[in-house]
Amino acid sequence: MAMYVLFIIFGAVVLMVLEQPEESLLVKEVRELKARFLDNNPCVDEKRLDLFLNNVFSVNKRGVAVLNSESYECNFDFTSSLFFVVTYLTTTGYGTTVPLSDEGRGFCVVYCLVGIPLNMLLLSSLTQALLPWVTHGPIQSLQIFWGLSHNQAALVHCCFLGFCTITLFFLLPAGALYLLEEHWSYLEALYFCFISLSTTGLGDFLPGRTQSRAARQWLEFATS
């Protein structure tokens, strides 16, 4: 227990040291930008500007972007709703799209109570169905054809399965996202894959947000 608490404290300290300078720099840049805007537009009242920005940020936190009405896209068309449901039931929950109505929130609560256990049951059933093909069979084949002991065969299989998992679910998808998202670096794409598959779902990166509606829908469907 003590080691776990120390591990948490260590993570908090490292993040504090790494992120505070970046946060301070970002705050400084935004304040300078605001000051230049007010200097260039003396007719704008600072308090009214702050009120407007606070309202925009408040709406944006709820997943609705309203600054450019010409490029407004519905967050709850079918594809986006499907993406939301999948991230909700897998407990990933990026948090960039949220239900806005009381009815929607109530539905999500009931849907969650039924859907998350159902999702876990499905994953458990799939795991049991895949074990003979993905684990037991390959280990037995290594023992029979390579003459390895059970522990040796299990180690070789574990390394091979780990390599396939990392390649198929992290490296290759990250490469595809890196090519599709021109503003993402490969590390950012890899970070998105890890955050998604670990069900952490921070929501700081989402595919298709800077592209056309069709591209966004396709990427959301592929991610789902």
Side-chain angles (χ1 to χ4, degrees), residues 1 4-5 7-9 11-12 15-16 19 23 50-69 71-131 165 168-170 173-174 177 180-181 184 188-224:
M1 183 65 181
Y4 182 71
V5 173
F7 184 72
I8 292 176
I9 293 174
L15 280 174
M16 180 182 67
E19 295 301 320
E23 181 182 8
D50 289 340
L51 179 62
F52 170 72
L53 292 176
N54 285 332
N55 289 333
V56 170
F57 293 151
S58 177
V59 172
N60 190 66
K61 285 181 180 179
R62 302 176 71 183
V64 181
V66 297
L67 283 180
N68 191 345
S69 59
S71 63
Y72 170 72
E73 296 177 0
C74 180
N75 281 333
F76 282 99
D77 53 23
F78 177 75
T79 306
S80 298
S81 298
L82 178 66
F83 180 66
F84 171 79
V85 166
V86 171
T87 58
Y88 191 70
L89 293 184
T90 56
T91 69
T92 305
Y94 294 111
T96 52
T97 301
V98 296
L100 303 176
S101 64
D102 291 336
E103 294 81 2
R105 297 187 189 101
F107 171 77
C108 283
V109 171
V110 177
Y111 193 71
C112 168
L113 292 175
V114 177
I116 290 180
L118 185 62
N119 183 65
M120 297 303 176
L121 177 62
L122 174 62
L123 292 177
S124 177
S125 300
L126 286 174
T127 301
Q128 294 299 322
L130 289 173
L131 275 176
T165 300
L168 293 175
F169 294 102
F170 291 93
L177 286 171
L180 292 171
E181 294 287 343
W184 288 17
E188 289 170 339
L190 186 63
Y191 166 81
F192 168 77
C193 292
F194 178 80
I195 290 300
S196 298
L197 292 181
S198 63
T199 70
T200 306
L202 296 179
D204 47 349
F205 288 94
L206 281 178
R209 296 295 160 168
T210 59
Q211 300 186 25
S212 65
R213 181 177 182 180
R216 190 197 75 173
Q217 289 179 328
W218 183 86
L219 284 170
E220 285 180 341
F221 183 78
T223 305
S224 301

Can you tell me how far apart CZ (Phe84) and OG1 (Thr92) are? Round to the nearest 0.5 Å. 12.0 Å
State which residues pass side-chain contact (heavy atoms from CB on, under 4.5 Å) with Ile9; sequence neighbours excluded, sorted by chain then number. Val5, Val13
Which atom names give the shortest non-hydrogen contact between Val86 and Thr90, and what distance separates them? O-OG1, 2.7 Å
Pro99 and Gly104 have their tightest heavy-atom pair at CB-C, 3.9 Å
Test item: Thr87 side-chain N/O and Phe83 main-chain N/O as donor-acceptor pair under 3.5 Å: yes
Give the table of side-chain donor-acceptor pairs shorter than 3.5 Å for residues 217-224, with sequence neighbours excluded, one pair per line with atom names and distance.
residue	atom	partner	partner atom	Å
Gln217	NE2	Asp77	OD2	3.0
Glu220	OE1	Ser80	OG	3.0
Glu220	OE2	Arg209	NH2	3.1
Thr223	OG1	Leu219	O	2.7
Ser224	OG	Glu220	O	2.8

Ignoring hydrogens, what is the shortest heavy-atom contact between Cys193 and Pro173? Give both atom names and the distance. SG-CB, 3.9 Å
If every non-hydrogen atom of Trp184 is compared with every non-hydrogen atom of Ala189, which pair is closest and at what distance? CE3-CA, 3.8 Å
When you measure from the side chain of Tyr88 to the backbone of Cys108, do you find a donor-acceptor pair of N or O atoms at a distance under 3.5 Å? yes
Evaluate the side-chain proximity of Phe194 to Leu190: yes if any heavy-atom separation is below 4.5 Å, no if none is. no
What's the separation between atom CG in Leu121 and atom CG in Leu126, rounded to the nearest 0.5 Å? 9.5 Å
Take Leu177 and Phe192 through the test side-chain contact (heavy atoms from CB on, under 4.5 Å) and record every step on the way to the result. CA-CA 9 Å; Leu177 286 171; Phe192 168 77; 3.4 Å; yes
Hey, could you give me the OG/CG distance between Ser196 and Leu206, rounded to the nearest 0.5 Å? 7.5 Å
Working to the nearest 0.5 Å, report the span between CG of Leu131 and OG1 of Thr127. 6.5 Å
